[in-house]
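Okay, structure first, notes after.
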Amino acid sequence: MIITISVAVIAVAFVVLSIFLIRTLVAVRQVMLNVDQTVNGLKEKVETTVEETRLTLQETRLLVEDVREKSRKADAVVNSLTEVGKSLEQVSSSINRTVSANQERLGNVVALVGAGIDLVKRWRSDRKS
C-alpha cells in the first residue's frame, strides 16, 4: 500500500512538474515570438536607415567635390587679381619715377601753358576794347 501511495504521489508530482514545465515553455515561446517580431521590425528600420545614410554620403561627396571645384576656380581668380594688383603697382611706380624725373620739365610746361592762356586772355580783351 505504501508503494501504491508513493507511486501515486510521484505520478501527481510528475503531472504538476509537467504542467509547470509546459507553462514555462509556452511563456518562453511567447517571449521568443516577441523578440522575433522586434528584431524583424528593427531589421526593416536599420535597412531604411542604412539606405538613407548611403544616399546622404553620396550627396555629401558631391557637395565636397563641388566645393573643391569652386575653391579651385576662386583660387584662380584670386591669383589673377593678385597679378593685376602687382602689374598696377609696377605701372604706378613707373609713372611716379617718370613724373619725378620730368617734374621740372612738367613745371616749365605748365608755366608756359599758363602764360600762354594769360596772353590769349589779354589779346582777347585788347581786341574787344
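A salt bridge between Lys70 and Asp66 is present, with a side-chain N of the basic residue lying under 4.0 Å from a carboxylate O of the acidic one. Using a cut-off of 4.0 Å between Lys/Arg side-chain N and Asp/Glu carboxylate O, Lys73 and Glu69 are scored as salt-bridged.
How far CD1 of Ile5 is from CD1 of Ile10: 12.0 Å, rounded to the nearest 0.5 Å. Leu42 CG to Thr49 OG1: the interatomic distance, rounded to the nearest 0.5 Å, is 10.0 Å. The distance from atom CG of Leu21 to atom CZ of Phe14, rounded to the nearest 0.5 Å, is 8.5 Å. Atom CD1 of Ile19 sits about 9.0 Å away from atom CZ of Arg23, to the nearest 0.5 Å. Atom CG of residue Leu33 and atom CZ of residue Arg29 lie 5.0 Å apart, to the nearest 0.5 angstrom. A distance of 12.0 Å separates OG1 of Thr48 from NZ of Lys43, quoted to the nearest 0.5 Å.
The closest donor-acceptor contact from the side chain of Ser80 to the backbone of Ala76 lies under 3.5 Å. Formation of a donor-acceptor pair under 3.5 Å by the Ser87 side chain with backbone atoms of Glu83 is found in this model. Side-chain N or O atoms of Ser94 include none that pairs as donor or acceptor with a backbone N or O of Gln90 at under 3.5 Å.
In the displayed structure, Glu47 atom CD is contacted under 6.0 Å by more than 12 heavy atoms of other residues, nucleotides or ligands. More than 12 heavy atoms of other residues, nucleotides or ligands lie within 6.0 Å of CZ in Arg54, so this atom counts as buried by the packing criterion. Under a cut-off of 6.0 angstrom, the local environment of CD1 in Ile3 is sparse, with at most 12 non-hydrogen atoms contributed by other residues, nucleotides or ligands.
Note on Leu17: it does not cluster hydrophobically with Val26, by side-chain heavy-atom contacts below 4.5 Å among ILVMFWY residues.
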Applying side-chain contact (heavy atoms from CB on, under 4.5 Å), run through Glu65 and Arg68 and close with a yes or a no. CA-CA 5 Å; Glu65 187 57 38; Arg68 283 182 185 151; 3.8 Å; yes
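Side-chain contact between Arg124 and Lys121 is absent, with no heavy-atom pair separated by less than 4.5 Å. Between Gln37 and Asn34 the shortest side-chain heavy-atom distance falls below 4.5 Å.
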